[in-house]
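These values consider heavy atoms only, across backbone and side chains, with no hydrogens, waters or symmetry-generated copies. We count ligands from 1, going down the list as the structure has it; atoms in each ligand are counted the same way.
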Amino acid sequence: MTTKRLNTQVAIIGSGPSGLLLGQLLAKQGIDNVIIERVSADYVLGRIRAGILEQGFVDLVRQAGAAHRMDQEGLVHDGVIIAHNNQQTRIDLRKLTGGKSVMCYGQVEITRDLMEARQAMALPTWYEAPVTNLAGITSDNPKVLFSHQGQDYELSCDYIAGCDGFHGISRQSIPAELRTEYERVYPFGWLGLLSDTPPVNHELIYCRSQRGFALASMRSHTRSRYYIDVPLDHKVEQWSDEAFWEELHRRLPEEAAERLVTGPSIEKSIAPLRSFVCEPLQYGRLFLVGDAGHIVPPTGAKGLNLAASDVAALYRLLNHAIRQNDPSCLQRYSAAALRRIWHGERFSWWMTNMLHNLDGVEGSAGEGADTYQKFMTSELDFYLNSEAGKTVLAEQYVGLPYEDCGVPDPA
Ligand code: FAS
Ligand code: PHB
């Protein structure tokens, strides 16, 4: 069968939040782009993931013209609570950061809004079309090879945005000898449950208890999202809804647990936790964006938000490179993106170590689990009882400023 040939300016692999947001922003500047996605749109929308958006992400979605429902239904949160052994401390984000806040709005909803915005502009998007190879990445005219309904296609382009997540093809297309990968795998996973029950609190509660970690989050005033940490060898099938609710009730601070409304789960899954960064994030005309280049444990609510700051950097540089015919600026992408990524990685690692009962995985030889846990509970106690400490927490939770890429923001 002959291969059908297509072309565009920017080929985007992956129809997750990274690919969809980048595609909208480029299209708004008149830059042609095609999104190629391995699975169906419904399958993408079936993934229950993040729930907290930094202001930078919210601003990008508005710039992309896809913010109508988010602005109507999103919940602005001015604070977040950290509970340690039944003691609750509110971090006043707005006061401690000079007026910043976060938006509580599910990743599924953002993805749906971006898909609808793309559809409204009739932009070319291929679903159930796995990319099988990238060719000519270091040439001026790279090619993305994919298949769809038994037909092979070759998409010629000027640039490739690898928005294909941790298990995608893009990162593997950078020669191994040119890649450095940094990784830390945590000895537990997060068991998450989604339920149509009213949230236990109007703001998020992150809990460290003797029994382990818990997080009380939400998607709306009538839909809650809860997490508890579980051993890595646990399977979601071994956790009944009742067992989950009972364990969550025992880990929440008593005052909140009394308000807990339980109900049937509409989704339940276990996510492994890892810190991961690939350096560099670019090779020839290929650029890694979001989970394709880095992963964080969700304890700092940074995964989706770091994907957004990658999109902001690549969008600005691609726009300048294409519209000013100055591709040299693109050499700045990896360094600009990585500086903010590493801040997000460190914050997520720090929050994970402070809020989970880790057994000395960070400790030096001979240092026992108890010693390490004593260090981390003391660290948590210090930060929750110091204005300077709470400010450090708040500034990072709302999101550090986006990096200046040395080109104007086309907003
Ligand atoms: P995504 O993984 O979302 O999207 C990549 C897309 O590329 C996928 O649709 C995939 O099908 C497609 N693809 C892969 N290979 C392809 C190929 N060869 N050809 C074509 N398409 C291909 N972040 C938070 O902030 N808070 C959380 O609570 C949180 N929970 C998470 C739970 C889980 C289980 C996971 C996996 C992640 C979680 N994250 C969380 C992080 C998550 O939200 C990511 O940061 C976010 O999905 C990143 O978006 P993308 O970079 O678009 O990658
Ligand atoms: C969520 O609502 O899914 C959520 C919120 C904050 C986190 C992680 C997950 O840190």
Give one line per pair: atom of ligand 2, protein atom, distance. Only N/O to N/O under 3.5 Å.
| residue | atom | partner | partner atom | Å |
| --- | --- | --- | --- | --- |
| ligand 2 | 2 (O) | Ser217 | OG | 2.6 |
| ligand 2 | 2 (O) | Arg219 | NH1 | 2.7 |
| ligand 2 | 3 (O) | Arg49 | O | 3.2 |
| ligand 2 | 3 (O) | Arg219 | NH2 | 2.8 |
| ligand 2 | 3 (O) | Tyr227 | OH | 2.7 |
| ligand 2 | 10 (O) | Tyr206 | OH | 2.7 |
| ligand 2 | 10 (O) | Pro298 | O | 2.6 |
| ligand 2 | 10 (O) | Ala301 | N | 3.3 |

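- Below 4.0 Å from some heavy atom of Leu304 lie the following atoms of ligand 1, by number and element: 23 (N), 24 (C), 25 (O), 45 (O).
- Of the candidates Trp239, Phe213, Phe188, Val230 forms a side chain to side chain contact (heavy atoms under 4.5 Å, CB included) with just one, namely Trp239.
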- [ ] Could you check Gln396 against Met351 for side chain to side chain contact (heavy atoms under 4.5 Å, CB included), going step by step and ending with a plain yes or no?
- [x] CA-CA 11 Å; Gln396 296 180 91; Met351 286 282 277; over 6 Å; no

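- The number of heavy atoms from other shown groups lying within 6.0 Å of NE2 (His221) does not exceed 12.
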Atom pairs and distances, donor-acceptor, side-chain atoms in residues 44-52, under 3.5 Å, two or more places apart:
none

Side-chain donor-acceptor contacts of residues 288-300 below 3.5 Å, not counting sequence neighbours, with atom names and distances?
| residue | atom | partner | partner atom | Å |
| --- | --- | --- | --- | --- |
| His294 | NE2 | Gly290 | O | 3.3 |
| His294 | NE2 | Asp310 | OD2 | 2.5 |
| Thr299 | OG1 | Thr352 | OG1 | 2.6 |

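- Tyr127 and Met115 get closest at one heavy-atom pair: OH-CE, 3.6 Å.
- The heavy atom nearest to atom 34 (C) of ligand 1, considering only Ser170, Ala271, Ala50, Gly300, is found in Ala271.
- Taking any N or O of Asp291, backbone or side chain, at least one lies under 3.5 Å from an N or O belonging to ligand 1.
- Listed by atom number, the atoms of ligand 1 under 4.0 Å from Cys163 heavy atoms are 5 (C), 6 (C), 7 (O).
- In the candidate list Val296, Asn305, Leu22, Asp164, Asp164 is nearest to atom 7 (O) of ligand 1, counting heavy atoms.
- Inclusion of Gly51 in the set of residues having an N or O under 3.5 Å from an N or O of ligand 1 is not warranted.
- An N or O contact shorter than 3.5 Å links Gly303 to ligand 1 by distance.
- Across Ile205 and Ala83, no two heavy atoms sit closer than the pair CG2-CB, 4.2 Å.
- In summary, the atoms of ligand 1 found under 4.0 Å from a heavy atom of Gly16, numbered by their order in the structure, are 4 (O), 52 (O).
- The Ile36 neighbourhood of ligand 1 comprises atoms 20 (C), 21 (N), with distances under 4.0 Å to a heavy atom of that residue.
- When Gly165, Gly19, Gly162 are checked for heavy-atom proximity to atom 53 (O) of ligand 1, Gly165 turns out nearest.
- Legend: residues meeting side chain to side chain contact (heavy atoms under 4.5 Å, CB included) with Arg62, ordered by chain and number and at least two apart, are Gln55, Val58, Asp59, Ala67, Met70, Asp71, Met103.
- Between Tyr153 and Phe146, the angle of the ring planes stays under 30°, which puts this pair in the parallel group of the 30/60° scheme.
- The N/O atoms of Arg49, backbone and side chain alike, include one that comes under 3.5 Å of an N/O atom in ligand 1.
- For the ligand labelled ligand 1, residue Phe146 lies outside the 4.0 Å heavy-atom shell.
- For a threshold of 3.5 Å applied to N or O pairs, the pair formed by Arg38 and ligand 1 contains at least one separation below that value.
- For atom 11 (O) of ligand 1, the nearest non-hydrogen atom of the protein is Glu37 OE2, 2.7 Å.
- The aromatic rings of Trp190 and His356 lie parallel to each other, with less than 30° between the two planes, well short of the 60° mark.
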